[in-house]
Amino acid sequence: MNTSGTLPATMVTYLKSCAEFNNIDIFVAYDNSTKPVPIVKPIVTVCTKGVEISEKVNQTGADGKVYVSDKRNVKTTISIAIHMPYEKGANEAFLLFDKIYSKLLFVYNTSVLTALCTGAEYIREYGAIVLNSELSVAALVSS
C-alpha cells in the first residue's frame, strides 16, 4: 500500500499529459519547497496533506457469514496550490482551478470524496497570488 506516496506523482503525470496545461509548470512540491521568485508563469504544486486508514473491512462471504477481510479504506487528502503571477490576477487562478479540478473530478480515474478551495491570497515573497485547494480521494487497499 503506497497510495499516499504515489498519488501526487501520478496526478502530476496525468495533468502534464493534458494539452491545455502545456504552458504551466506542474510538479510535486511541499509548502517548504523552494519556488522561483518572481513567478513569471503559473505553477501548480501537488502533495499529500494527510492520510486516514480505517480498520479492516467486514465482508459477507458466499455462505452469508460476515468475515473480517484484509482490506482497509484509505482516505488520502491531496493539497494542490496554484501560484499565479500577480499581474494575471486571482480570476486567472480560479479559471485554472476550474480546469484542473474538471480534469481530476470528471476525467481522471479516481474516487474523489471532496474538493475544497480555501481561497486566493497574495504572497509577497513569491510575487504571486496563491490559491490553495484540497482533494480527498478514497481507495480500498489490501495488504
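How far CE of Met84 is from CD1 of Ile43: 10.5 Å, rounded to the nearest 0.5 Å. Separation of atoms CD1 (Ile129) and CG (Leu131) is listed at 9.5 Å; rounding is to 0.5 Å.
Considering all non-hydrogen atoms of both residues, Pro42 and Asn23 come closest at CD-O, 4.3 Å. When all heavy atoms of Ile39 and Ala128 are compared, the pair lying nearest together is CD1-CB, 3.8 Å. What you find for Lys16 and Asn22 is that their closest heavy atoms are O-OD1, 4.4 Å.
Judged as a side-chain hydrogen bond (donor to acceptor under 3.5 Å, both in side chains), and not counting sequence neighbours, the contacts of Lys41 are Asp25. Contacts of Asp63 classified as side chain to side chain contact (heavy atoms under 4.5 Å, CB included), with partners at least two apart in sequence or in another chain: Lys65, Tyr67. Every residue two or more places apart in sequence or in another chain that forms a salt bridge (Lys or Arg N to Asp or Glu O under 4.0 Å) with Glu134 is listed here: Lys49. Residues meeting the side chain to side chain contact (heavy atoms under 4.5 Å, CB included) test with Glu121, sequence neighbours left out: Ile123, Asn132. In this structure, the side chain to side chain contact (heavy atoms under 4.5 Å, CB included) partners of Thr114, at least two apart in sequence or on a different chain, are Ser136.
Around the OH atom of Tyr14, the shell of radius 6.0 Å holds more than 12 heavy atoms that belong to other residues, nucleotides or ligands.
Proximity of Met11 to Leu135: side-chain heavy atoms (C-beta onward) are separated by under 4.5 Å at one or more points. Using a 4.5 Å cut-off on side-chain heavy atoms (C-beta onward), Thr45 and Ile80 make no contact. Contact annotation: the side chain of Val46 never approaches that of Phe27 to less than 4.5 Å [non-hydrogen atoms, C-beta and beyond]. Proximity of Val44 to His83: side-chain heavy atoms (C-beta onward) are nowhere separated by under 4.5 Å.
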Show the atom names and distances, to 0.1 Å, of all donor-acceptor pairs under 3.5 Å that link a side chain in residues 89-107 to residues at least two apart or in another chain.
unit_1	atom_1	unit_2	atom_2	d
Tyr101	OH	Ser133	OG	2.8
Ser102	OG	Asp98	O	2.8
Lys103	NZ	Glu20	OE2	3.2

